[in-house]
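Beneath this line is the structure, given in structure tokens, with notes to follow.
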Amino acid sequence: MFKINIQEIEAVSSRFQETASEIVSNTQGAVSEAISTTQEATDSAIQEVFNSVTSIASTFQKTASEIVSNTQNAVSEAISTTQEAASNLIIEAQQTSSAVTGAATIAAQEAFKVAHNIKFENLPHNLQLKFHRAGVREGIRNVQEAAKVYETIPAQIRAQGYEAIREFCSDKDWSHIKAHVNGGGKEASNGIFENFRINRSRGGVDMTPEELAAARKVLGDAAFKASLEQIIGAVVQGALVAAVIELVFSTLENSLSFAEGKITQDELIRNVAVATAKAGLAGGVVTAILMVICMIFPPIAALLGYAAIPLAVIGIGFMCVRAWEIFIRADKLFGITEELEKFIQNIEQSVLNFDAM
């Protein structure tokens, strides 16, 4: 039988209790340390996430601000460029108005001359008689046939007037295509204007196809020469009219800019010279284009003449707007309206004083 020693049991129990307390204490410490470490790590992670989010938000905000700023600058620049382009376009349109007006006026005048060249019945009597008798051995042609003979002269020559017609006929005969001795008649369809030496050297022989083609070529060359002369004359007139109109407007506009201190005197002279030259060149080009069309297609010359009228009206409209803008600028600078009102008031007061006497 074992003999139970109470003291040993108490001693063992006491050591066990101490060991358990140490274990619990160590466990609690480890748990607290683990919880503290975990909390610190969590706080650090949360702080890092917060810092990252804040940095991202700041970067995004900065980027968004830059985008907005760049967009605003781009829009402002686009608006400014558009306004500048529109302003330049208006200025160009106003400057072009002088060229359009001058060119359209001259082109309409010349196109009308080509389309409505001198009628046979409007010719002087002695010139009419020439076409009644041209190539006729006996008697004279009737009015209808004489008019048809006259109309075989190229329209471009007839459009230049009586003297051009006389000069054209001065060295030409009305040559029979089928000779009179061979039964050829005096109707307009059986003849063509030809150099009188060639006609008379042929005698009573029918014209060959080659001779007829040569005679027609001479007429074509004469028409081309007359057209070229008329185009050159019209171009010079169109350029001069456009240049003179632009010279007046450009001088007024640049003089106002000089008075406002925006340009120097040298710039004033240069601007006026450049604008006048450009207007003259444009006027000449537009006139040339319209005249070439009229010469190539004489039947539609009348339509082009009528089309030139609206162009002239548009040009005059632009010039009226331009003149009004010049007046407004001058009025702001020199007080023209106020001075005019004072002048009118003085006149009215003088009239009243005169009536009172």
Side-chain angles (χ1 to χ4, degrees), residues 102-120 122-124 127 130-131 134-135 146-177 188-202 207-242 280-308 311:
T105 302
I106 300 301
Q109 175 185 345
E110 297 299 322
F112 183 84
K113 286 169 62 177
V114 174
H116 303 278
N117 47 70
I118 300 173
K119 302 298 181 182
F120 178 77
N122 295 331
L123 293 174
L127 199 53
K130 180 177 181 63
F131 298 106
K148 289 179 181 179
V149 171
Y150 164 71
E151 289 169 1
T152 61
I153 298 176
Q156 293 83 357
I157 296 175
R158 287 182 279 136
Q160 293 184 340
Y162 306 139
E163 293 306 317
I165 295 170
R166 286 194 178 93
E167 182 180 353
F168 172 81
C169 296
S170 62
D171 62 348
K172 295 178 179 64
D173 282 343
W174 176 255
S175 299
H176 288 80
I177 297 173
S189 59
N190 188 45
I192 187 171
F193 280 104
E194 186 181 36
N195 184 276
F196 70 93
R197 292 188 179 88
I198 298 175
N199 175 58
R200 295 172 190 179
S201 65
R202 186 181 299 113
M207 293 182 69
T208 65
E210 292 75 16
E211 289 173 333
L212 181 59
R216 286 173 176 165
K217 184 179 184 303
V218 171
L219 291 181
D221 291 343
F224 177 78
K225 180 182 177 182
S227 299
L228 190 61
E229 291 175 353
Q230 195 167 1
I231 289 172
I232 292 174
V235 167
V236 171
Q237 291 182 57
L240 286 176
V241 171
L281 179 62
V285 170
V286 174
T287 305
I289 292 173
L290 292 175
M291 288 304 301
V292 167
I293 295 174
C294 290
M295 294 303 174
I296 295 176
F297 307 104
I300 66 170
L303 296 177
L304 290 174
Y306 292 131
L311 285 176

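All values reported here derive from a predicted model rather than from experimental measurement. The analysis underlying the following values was restricted to heavy atoms, covering all of them including side chains, and did not include hydrogens, waters or symmetry mates.
Here the side chains of Asp173 and Arg200 are in contact, with some heavy-atom distance below 4.5 Å. At least one side-chain heavy atom of Glu229 sits under 4.5 Å from a side-chain heavy atom of Lys225. With contacts defined as side-chain heavy-atom distances shorter than 4.5 Å, the pair Thr152/Ile192 does not qualify. Looking at Ile165 and Leu127, their side chains come closer than 4.5 Å, going by heavy atoms from C-beta outward. Side-chain contact between Phe193 and Val149 is present, with at least one heavy-atom pair separated by less than 4.5 Å.
Going from atom NE2 of His176 over to atom CD of Glu194 covers 12.0 Å, rounded to the nearest 0.5 Å. Atom CD in Gln156 sits 9.0 Å away from atom CD1 in Ile231 (nearest 0.5 Å). Rounded to the nearest 0.5 Å, atoms CH2 (Trp174) and NZ (Lys130) are 12.0 Å apart. Phe196 CZ to Ser170 OG: the interatomic distance, rounded to the nearest 0.5 Å, is 9.0 Å.
Taking each heavy atom of Ala223 and Pro154 in turn, the nearest pair found is CB-CB, 3.5 Å. Residues Tyr150 and Lys119 come closest through the heavy atom pair CE2-C, 4.2 Å. Of all the heavy atoms in Ile177 and Ser189, the pair that sits closest is CD1-O, 3.9 Å. Nearest heavy-atom pair across Thr287 and Gly238 is OG1-CA, 3.6 Å.
Panel note: side chain Arg202, backbone Met207; no donor-acceptor pair is recorded below 3.5 Å.
Taking a 6.0 Å sphere around CZ of Phe224, one finds it holds 12 or fewer heavy atoms contributed by other residues, nucleotides or ligands.
Under the 30°/60° scheme for interplanar angles, the aromatic rings of Phe120 and Phe131 are found to stand perpendicular.
Glu163 and Arg166 are joined by a salt bridge, as a carboxylate oxygen and a charged side-chain nitrogen come within less than 4.0 angstrom of each other.
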